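Report on the following structure.
The chains referred to below are lettered A, B, ... by the order of the sequence lines, with proteins before strands, and numbering in each begins at 1. These figures come from a predicted structure and were not determined experimentally.
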Number of protein chains: 4
Amino acid sequence: MPRVSEEHRVARRQQIIDAAHRCIVENGFHQTSMQDVINESGLSAGAVYRYFTGKEELIRAVAEKASVHFAEAMAKVVSEHPSLSWDQALARLLSGLMSDLDESRAGTARLAVQIWGEAQRDPVVAEAALGALVAAQRRMHSLVVQLQDTGRIPKSGDAGQISQALLSFLLGCIVQSMLMEDVDLEGLAHGLAALPSPVELERAGG
Amino acid sequence: MPRVSEEHRVARRQQIIDAAHRCIVENGFHQTSMQDVINESGLSAGAVYRYFTGKEELIRAVAEKASVHFAEAMAKVVSEHPSLSWDQALARLLSGLMSDLDESRAGTARLAVQIWGEAQRDPVVAEAALGALVAAQRRMHSLVVQLQDTGRIPKSGDAGQISQALLSFLLGCIVQSMLMEDVDLEGLAHGLAALPSPVELERAGG
Amino acid sequence: MPRVSEEHRVARRQQIIDAAHRCIVENGFHQTSMQDVINESGLSAGAVYRYFTGKEELIRAVAEKASVHFAEAMAKVVSEHPSLSWDQALARLLSGLMSDLDESRAGTARLAVQIWGEAQRDPVVAEAALGALVAAQRRMHSLVVQLQDTGRIPKSGDAGQISQALLSFLLGCIVQSMLMEDVDLEGLAHGLAALPSPVELERAGG
Amino acid sequence: MPRVSEEHRVARRQQIIDAAHRCIVENGFHQTSMQDVINESGLSAGAVYRYFTGKEELIRAVAEKASVHFAEAMAKVVSEHPSLSWDQALARLLSGLMSDLDESRAGTARLAVQIWGEAQRDPVVAEAALGALVAAQRRMHSLVVQLQDTGRIPKSGDAGQISQALLSFLLGCIVQSMLMEDVDLEGLAHGLAALPSPVELERAGG
DNA sequence: CATGAATGAGGTTTCATTCAT
DNA sequence: GATGAATGAAACCTCATTCAT
């Protein structure tokens, strides 16, 4: 199959990344052997090594793809619903992250945790993961500012800190949804919204 | 009467678990070889296999130890400061989790992420991780109820949902502190406290 | 009438052999991959396999080419200077072998050693190498006879044995020049000429 | 089999080196797979890799052992027969090198050529090979001086050049004996001794 | 009981060769 | 004819585990 289009090459790469993605969601980075990926992809060992120099590069490609996907999903969720109220926005963020991101919310969460684990060892994966987080935070920063500007939430809070706290909460939801079956995402959103705010605390004399 | 005393046995087990802990924090579960643990522990291969049937059992022991540690640290943090205000309690939870748990906050976060990754594959590890989360949530539930009872936060919110949201936030902080250098934990706490509450939102007409 | 002419075929073959030659001088037979040869030749894999059935045939072609080259260089050296004295002839043989054979003496010596190594395994390569040696010895035999006939060296020695000894000496020079930087070829020639001869030994009472 | 003596470790190493030696003589360095060595040694893969970090180290060990062996054999040959005449010494050197060195002269020559080939790529092997040559030359230098001092050969020749020429001759004999069946070593020695010397050449008017 | 040398299945990767385009 | 992507056997090496001493 010579004289192959750039298109074909990209498709093949994606085919391998997808196969690796499936394996890794199922078994984790280091429990997935190259043979697993080779079998899952339907290609031969040689073919896989034509597109990736080794397992490390393949892991990085999967991590980067997932990170980009995460950031894009976050952007989409945040931008597509400009007029939501605060708790609607929260709920949308959560359900969007968990289900829009991937057909199966489990897959997303599982892969995310794998990537974080790998980030401890591979700086390239760490950078990809961090990039996704930073992009996500920026989006949420915009959202918070927008909500503040339109009076839907008070302007007293620091948008940077709020958006980072929000990010932590979302990441934590990912972890929880991975460890527990049937996490009540809506309940989580309500729980977050029900947290006391400074204004209230002052009023309560806290 | 057992030979070298039960005490000795437990001490040896702990010695091995500690060695494994250090290796895993450094390199992750699957990049840590049994030889690494053997070297780090200062024992022989045979000795390690006398106390653990294999790598799986050792991983489980490390995960369980860490989970218990996590739950205990959480209990301590929550119970030791019964009269704190809401934002003091938040800040205390965060700093307590991150530094009391372990000499190095990095180590704690890294091991946690490793355990979550392993939980995807090993039900025993999953149960340990889940147990720690459930225990932590219970503690926070108590805290929330206590704060509500003493009027330090409003009683309108569902304590279960609030405590779970709080847990998500804390888990997310662990993830963030692992991926970013010098996460501003206090800023995160402020950010969370600055989130709008339902009362405010109603007032704002959201 | 053949398609692109026999001439073209031969030129292509030579192009590939030359590429392989360069690779092998650089990296040896078995450290040179077909891909190396393919890249060095500027052709495609398919093209190389159109001209050679496989690596073995290519190796044989390189070995045969080099062997023929060696024999021709020897012939040229021996025949071009019919009236040299013994030590002039010796020096001419050495320098001719080492520099006329190839632009770089290192390349010649390196390839020769590779061929000898391969001759242990491949009878075709062995035959090529042996053929070159036999041809070289025949040339030297003629030289020795010629020198004896013209009285430039004594007729007492057996021309066959002398020429074979001479060949051994030359082969050894190749090996030495490969292992040592800056071998003093002239010194070697002097050394050989300074070896005692039977006549002297008798005279010395040996 | 724990608590093993140093002796045992050295023996095991030697066992592996010997197995590798046999494989390499038979098939060359790069046609010998680690599996071949493993099978030939009667050990397991893990055992071999306990004693050698990889194929390269094993190749080096074989090359070094052979080089030391070569130098020792040369020393022995030269020193054991202090009162030989020139042509007796020559014949003794040749037959000693070829048969004393190894039970099979073929093996010695074949391995030598392999080492020279490998020396082109591995500096450690090159150093071992060069070391053996330098040691050999020193021995022959002593021999030449001794022969000159006792009047068995003329003092006119430069001992350094003579010994180096002698070395070249011997190396060439190794090559020839590898490429040709039944090389007449005695004939070669006669041939060398029959080469014209300067004295004769002058007399002949060359 | 402790030791650590030995095992060998299985992991990652390479590379000579083929064949659809 | 030419191309170069694809193949897959086989190479090198690791590592969890065992067991003779």
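- Side-chain proximity of D:Tyr51 to F:dA5, E:dA5, E:dG4: nearest is E:dA5.
- A donor-acceptor pair under 3.5 Å is formed between the side chain of C:Gln15 and the backbone N or O of C:Ser41.
- For B:Gln35 and A:Ala47, each mapped to the nucleotide of DNA chain F holding its nearest heavy atom, the one lying further toward the 5' end belongs to A:Ala47.
- Applying the 4.0 Å criterion to OP1 and OP2 of E:dA6, one finds that D:His8 has a side-chain N or O inside that range.
- Nucleotide E:dG10 holds its C1' atom 16 Å from the NE2 atom of B:His30, rounded to whole Å.
- The partner of E:dT13 is F:dA10, judged by Watson-Crick or G-U wobble contacts that both fall below 3.5 Å.
- Computed from coordinates, the A:Phe52 CZ to F:dA5 C1' distance equals 15 Å when rounded to whole Å.
- Among all heavy-atom pairs drawn from C:Ala119 and D:Leu179, the shortest one is CB-CD2, 3.7 Å.
- Out of E:dT7, E:dA5, F:dA5, the shortest distance to the side chain of C:Ala45 is found at F:dA5.
- Of the candidates E:dT13, E:dT18, E:dA2, E:dT13 carries the atom nearest the A:Ile38 side chain, counting heavy atoms from C-beta on.
- Residue D:Val48 is the one, among D:Val48 and A:Met34, whose nearest nucleotide of DNA chain E lies closer to the 5' end (criterion: closest heavy atom).
- E:dT14 atom P lies 13 Å from atom CG of C:Asp36, rounded to whole Å.
- At most 12 heavy atoms of other shown residues, nucleotides or ligands fall within 6.0 angstrom of atom CD in C:Glu127.
- For the 3.5 Å distance criterion, the side chains of C:Gln31 and C:Glu26 fail to qualify, holding no donor opposite an acceptor.
- Across all strands shown, E:dA2 is found opposite F:dT21 as a Watson-Crick or G-U wobble partner, with both distances under 3.5 Å.
- Remark: B:Tyr49 is in phosphate contact with F:dT17, judged by side-chain N or O atoms under 4.0 Å from OP1 or OP2.
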Mind running salt bridge (charged side-chain N to carboxylate O under 4.0 Å, His left out) on B:Glu57 and B:Arg60 for me, showing each step along the way?
-> CA-CA 5 Å; B:Glu57 193 184 302; B:Arg60 288 172 172 182; over 6 Å; no
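- When each of A:Gly54 and D:Arg50 is assigned the nucleotide of DNA chain E bearing its nearest heavy atom, the one mapping closer to the 5' terminus is D:Arg50.
- Taking atom CG of residue B:Asn39 and atom P of nucleotide F:dA16, one finds them 12 Å apart after rounding to whole Å.
- Between the P atom of E:dA2 and the CZ atom of B:Arg9 lies a distance of 10 Å, rounded to the nearest Å.
- Across the protein-nucleic acid pair, C:Glu57 atom CD and E:dA16 atom C1' stand 14 Å apart, rounded to whole Å.
- A straight line from CD of D:Gln31 to C1' of F:dC12 spans 15 Å, rounded to a whole angstrom.
- Look at CG on B:Leu58: it is 16 Å from P on F:dC15, rounded to the nearest Å.
- If you find the closest nucleotide of DNA chain F to B:Gly46 and to D:Lys55, the one lying nearer the 5' end belongs to D:Lys55.
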